[in-house]
Amino acid sequence: MRLEDFDYPLDESLIAQQPIEPRDHARLLVIERRAGAITHERVDALPNLLAAGDLLILNDTQVFPARLFGTKRPSGGKIELLLVRPLTLHRSRDTHCSELQRVVTMGHESKDEGETWEVMIRGKAQPGQQLELPHELFVTVRSAKSGTATIAFPPHLDVLSYAEKAGAVPLPPYIHRVPTEIDRDCYQTIFARRQGAVAAPTAGLHFTHELLKNLSAAGVCVRMVTLHVGPGTFKPVTTSDIREHSMEPEWYDLPEDTVTSIRETQERGGRVIAVGSTVVRVLETAAAKGLPLKAGSGETNLFLYPGYEFKIVDALLTNFHLPKSTLFMLVCAFAGRERMLEAYRLAAAMRYRFYSYGDAMLIL
């Protein structure tokens, strides 16, 4: 399966640089897979597009300000870090804030040692070198290689709390501007509650409290899963045969109440509608472990591309994705490559907004 088969041309002026306000006024390209019909709606029309008895599943991960700017000591050279995941920690946290740490905690914990984090790094650094971060915080480089490093923080520092004060929102690389305070709210879903993502589950950005209220009134059930989106979501596919590509692992949780709702929805003939590729990957990862579906958590590196047979997801709400990306391959697996290429050509011709802050597509 060739990488170039998942390429498409796009005018860069269509890449959304600012969020849509209000969120649910984003345009919505609706595709009926069986009939092939395409209509144009708005996200706030979802209560009329879905049916009573359908189940809508959202990703409740919370983005944290993982981007930190600093200087190397003693040279004063500039450095930029993106916090990826903790490798050690020195104390437990509350349930929602601790999941990211618990997944990858390893080795002996000591009250005299601070947290050690894997980071992506822009700028050269050497093992043993000190870096000064905002608020006069000094950290030490434990190891470094091209583009990545491990960083030791001081003892007794809550790194996530520090990042909330000192970090910047890690906007995707195709948003060509400096993050602002507005991004702290707009690059976060209204239902985010479990801290740990470095990128937003962008299909969920379109939802408002009013829209969720209207969906409930229409008889659509809403449930949650968690997948902490990592920087691997932007990792390009570099192999000419896409089947040779490997996904970066990401932590997920599938709660028992969501599993129960999926079973009840299927029994009454309703549809399971995933909001975003992250939800798809959680549900299909769990299904790959065997049916009937079971609740649980862990890491997933599931790569979905054409030829995959979906076991749980009946419909998908998603944004428009980069060419040659694993996300575009996922929607091609769900709705067909030729159909998706044609839909993307149509969306571009009609000036839909693309990528994270852009418009959306509903595949029924």
Side-chain angles (χ1 to χ4, degrees), residues 23 55-67 82-87 89 91-105 115 117-118 158-165 167-172 183-209 211-212 221-233 247-262 273-286 293-302 312 317-319 356:
R23 292 171 182 247
L55 173 64
L56 195 73
I57 303 182
L58 305 165
N59 181 3
D60 64 4
T61 188
Q62 182 179 346
V63 180
F64 71 102
R67 196 175 180 192
L82 179 70
L83 298 171
V84 175
R85 59 176 185 163
L87 301 176
L89 62 153
R91 61 185 177 280
S92 62
R93 303 174 188 274
D94 69 86
T95 301
H96 291 162
C97 293
S98 65
E99 287 148 348
L100 175 63
Q101 288 88 340
R102 287 206 308 268
V103 172
V104 290
T105 300
E115 297 176 22
W117 279 68
E118 177 186 332
D158 184 326
V159 175
L160 289 178
S161 297
Y162 168 75
E164 286 292 338
K165 296 184 297 182
V169 175
L171 290 179
D183 294 305
R184 283 189 175 247
D185 291 325
C186 293
Y187 196 63
Q188 193 83 269
T189 66
I190 62 166
F191 41 80
R193 68 186 183 97
R194 305 180 80 171
Q195 193 177 41
V198 302
T202 54
L205 296 179
H206 299 295
F207 286 80
T208 63
H209 294 291
L211 177 55
L212 290 174
C221 181
V222 176
R223 290 290 181 266
M224 301 289 172
V225 300
T226 306
L227 185 140
H228 289 326
V229 189
T233 191
M247 300 281 286
E248 297 289 337
E250 295 168 311
W251 185 84
Y252 75 91
D253 179 50
L254 176 59
E256 187 64 53
D257 65 334
T258 301
V259 170
T260 299
S261 292
I262 290 172
I273 301 159
V275 177
S277 61
T278 58
V279 174
V280 174
R281 293 180 64 233
V282 170
L283 299 180
E284 297 299 324
T285 294
L293 207 61
K294 295 181 177 62
S297 61
E299 289 190 331
T300 178
N301 60 355
L302 181 64
I312 302 297
L317 176 72
T318 185
N319 281 24
S356 295

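Just so it is clear, the model here is predicted, and its values are computed rather than measured. Just so you know, these numbers use all the heavy atoms, side chains as well, and skip hydrogens, waters and symmetry mates.
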Inset, instruction - Specify the closest pair of heavy atoms between N319 and A203, including all atoms of both residues, with the distance to one decimal. - result: OD1-CA, 3.6 Å
Legend entry - Validation row: L58, V279 side chains within 4.5 angstrom (heavy atoms): no
Inset, instruction - List the atom of P201, the atom of V229, and the distance in Å for their closest heavy-atom pair. - result: N-CG2, 4.4 Å
Legend entry - Option among H228, Q62, E164 that satisfies the side chain to side chain donor-acceptor pair (under 3.5 Å) test with Q195: E164
Legend entry - side chain to side chain donor-acceptor pair (under 3.5 Å) against T285, all qualifying residues, sequence neighbours excluded: T300
Legend entry - For D257, all residues meeting side chain to side chain contact (heavy atoms under 4.5 Å, CB included), sequence neighbours excluded: R223, P255
Legend entry - Flag side-chain contact, heavy atom, 4.5 Å: L283 against I262: yes
Inset, instruction - Would you name the heavy atoms of L254 and A286 that are closest together and state the gap between them? - result: CD2-CB, 3.5 Å
Legend entry - pair Y252-E299: side-chain heavy atoms closer than 4.5 Å: no
Inset, instruction - Please answer whether the main-chain N or O of L227 pairs with a side-chain N or O of N59 as donor and acceptor at a distance below 3.5 Å. - result: yes
Inset, instruction - Find out whether V225 and D60 are in side-chain contact, i.e. whether some heavy atom of one side chain is under 4.5 Å from a heavy atom of the other. - result: no
Legend entry - pair L83-V159: side-chain heavy atoms closer than 4.5 Å: yes
Inset, instruction - Of all the heavy-atom pairs spanning F64 and A163, show the shortest one and how long it is. - result: CD1-CB, 4.2 Å
Inset, instruction - For residues C221 and S261, report the shortest heavy-atom separation together with the two atoms involved. - result: SG-OG, 4.3 Å
Inset, instruction - Report yes if some heavy atom in the side chain of H209 is under 4.5 Å from a heavy atom in the side chain of I190; otherwise report no. - result: yes
Legend entry - Contacts of S356 that satisfy side chain to side chain donor-acceptor pair (under 3.5 Å) - sequence neighbours left out: Y174
Inset, instruction - Side-chain contact test, heavy atoms from C-beta onward, threshold under 4.5 Å: evaluate it for L87 versus W117 and give yes or no. - result: no
Inset, instruction - Could you tell me which residues satisfy side chain to side chain donor-acceptor pair (under 3.5 Å) with E284, sequence neighbours excluded, listed by chain and number? - result: Y308
Legend entry - Sequence-distant partners of T208, side chain to side chain contact (heavy atoms under 4.5 Å, CB included), two or more places apart: R23, D24, E210, L211
Inset, instruction - Determine whether I312 and L293 make a side-chain contact, defined as any pair of heavy atoms from C-beta on separated by less than 4.5 Å. - result: yes
Inset, instruction - Flag the pair E250 and R281 as a salt bridge only when some basic side-chain nitrogen lies within less than 4.0 angstrom of an acidic carboxylate oxygen. - result: yes
Inset, instruction - Could you pull out the closest heavy-atom pair between A197 and T61, with the gap in Å? - result: CB-OG1, 3.3 Å
Legend entry - Distance-only side-chain donor-acceptor flag, R194 / T226, under 3.5 Å: yes
Inset, instruction - Please lay out, stage by stage, how V222 and F207 fare under the test side-chain contact (heavy atoms from CB on, under 4.5 Å). - result: CA-CA 12 Å; V222 176; F207 286 80; over 6 Å; no
Legend entry - Residues forming a side chain to side chain contact (heavy atoms under 4.5 Å, CB included) with A200, sequence neighbours excluded: V63, Y187, T202, L205
Inset, instruction - Check side chain to side chain donor-acceptor pair (under 3.5 Å) between E118 and all other residues, then give those that pass, not counting sequence neighbours. - result: R85
Legend entry - Any residue meeting side chain to side chain contact (heavy atoms under 4.5 Å, CB included) with P231, in chain and number order, not counting sequence neighbours: L82, V84, M120, V198
